[in-house]
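I have a structure here, written as structure tokens, and I will follow up with some questions on it.
Order of listing sets the numbers, starting from 1, for every ligand and every atom in it. In this chain, numbering begins with 1 at the start of the sequence shown. Values below: every heavy atom of this structure, side chains too, minus hydrogens, waters and symmetry copies.
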Amino acid sequence: PSWEAARHYLGSLMWGWMFLGINAMLSVGIALLLLPMLEDLLGITTIFKLREVSTYHPLLRQLEEKAPGTYYHSLNVSALAESAAGAIGANAVLVKVGAYYHDIGKMEKPSYFVENQFTEEDRRKHSKISPHMSCLIIRNHVKLGIEMAREQRLPEAIIPFIAEHHGTTLLSYFYDQARAEDPHGTVSEADFRYPGPKPQTIESAVLMLADTIEAASRTMKLVGEGEIRVFVKRIINDKMVDGQFDECNLTFRQLRILSDSFTRTLRTMMHRRIAYPSMPEVERVPGEPKEEKVQPLFSRGA
Ligand SMILES: [Fe+2]
Ligand SMILES: [Fe+2]
């Protein structure tokens, strides 16, 4: 009888383990099946969804094809933003993916953006139209980007990165040009600012900084860590003074950590630019304005 009891016990134990295994597999299976539906239904973006769109999505392939300069700019921005976000404990994966898509709206008219101007004809694009028109075209990449993201059903969490990455920044190059051409002084600054909103989250603010730093660094010949540090600090300061961080919770302490992180990443990038001068993202287009024209390029390139 005791042998019978032991056999019975072992048998039920085996069944128990088997059901445990089946249960585990079924639960994971059901969760994976339900997750995308729940994500859509509740508008939640999970890490799985983010990973899915961070591998070569059709929109990114299009961006690389139509606006290669913007594509490489976005990759660099994502590298800068991801480490900086990680350094302050913000959502680094979200910022990285947001950076990939932040400028997709430039695909419509790529050659109006400095990073895609490869020919002399491209570089003359803006001289043929009024500063007002230039400003409209440049500013429109934000609106177009949001529309594209919605059409392609990108995760909702990516939209704010497209919408807020310029905040209400002034397109100073075209603003100055319009003022110079207007004898009556009627040009309004508001007409030359991005419509906003300003960054609403720390993640969005990190992207804004990484974006500006990447675009501006292309026009600079930065040598040594000291110069890079001053350059990064100046950009952070400009954005802060312009009130771009007024609507998010960035602290001064976080700004200092961000500054250190951007300096480190940019130093590595600059080193790569020197070491491999033929890489597409590092190539300086012949005749591209150098140091003294940093200011204009802020508003045209980022
Ligand atoms: Fe942009
Ligand atoms: Fe950008």
Result of checking Arg218, His73, Lys106 against Glu115 for side chain to side chain donor-acceptor pair (under 3.5 Å):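 Considering Arg218, His73, Lys106, a side chain to side chain donor-acceptor pair (under 3.5 Å) with Glu115 is found only for Lys106.
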- request: Decide, counting backbone as well as side-chain atoms, whether Asp211 has an N, O or S atom less than 2.8 Å from the Fe ion (ligand 2).
  value: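 An N, O or S atom of Asp211 is closer than 2.8 Å to the Fe ion (ligand 2), so yes.
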- request: Scan residues 8-28 for pairs that pass side chain to side chain donor-acceptor pair (under 3.5 Å), counting only residues two or more places apart or in two chains.
  value: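 Passing the test, one end in residues 8-28: Asn23-Ser27.
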The Fe ion (ligand 1) to nearest N/O/S of Asp103 below 2.8 Å: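 So Asp103 does bind the Fe ion (ligand 1) by this criterion.
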Pairs flagged by salt bridge (Lys or Arg N to Asp or Glu O under 4.0 Å) wherever residues 5-16 is involved - sequence neighbours left out: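 Counting only pairs at least two positions apart or across chains, the salt bridge (Lys or Arg N to Asp or Glu O under 4.0 Å) contacts touching residues 5-16 are Glu4-Arg7.
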message: the Fe ion (ligand 1) and His102: any N/O/S contact shorter than 2.8 Å?
response: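 Looking at His102, which is the residue asked about, there is no N, O or S atom under 2.8 Å from the Fe ion (ligand 1).
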message: Side chains of Gln244 and Thr168 only: does a donor on one sit below 3.5 Å from an acceptor on the other?
response: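 Checked: Gln244/Thr168 side chains pair up, N/O donor to acceptor below 3.5 Å.
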- prompt: Can an N, O or S atom be found in His165 less than 2.8 Å away from the Fe ion (ligand 2)?
  reply: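 Short answer: no, not a single N, O or S atom is under the cut-off.
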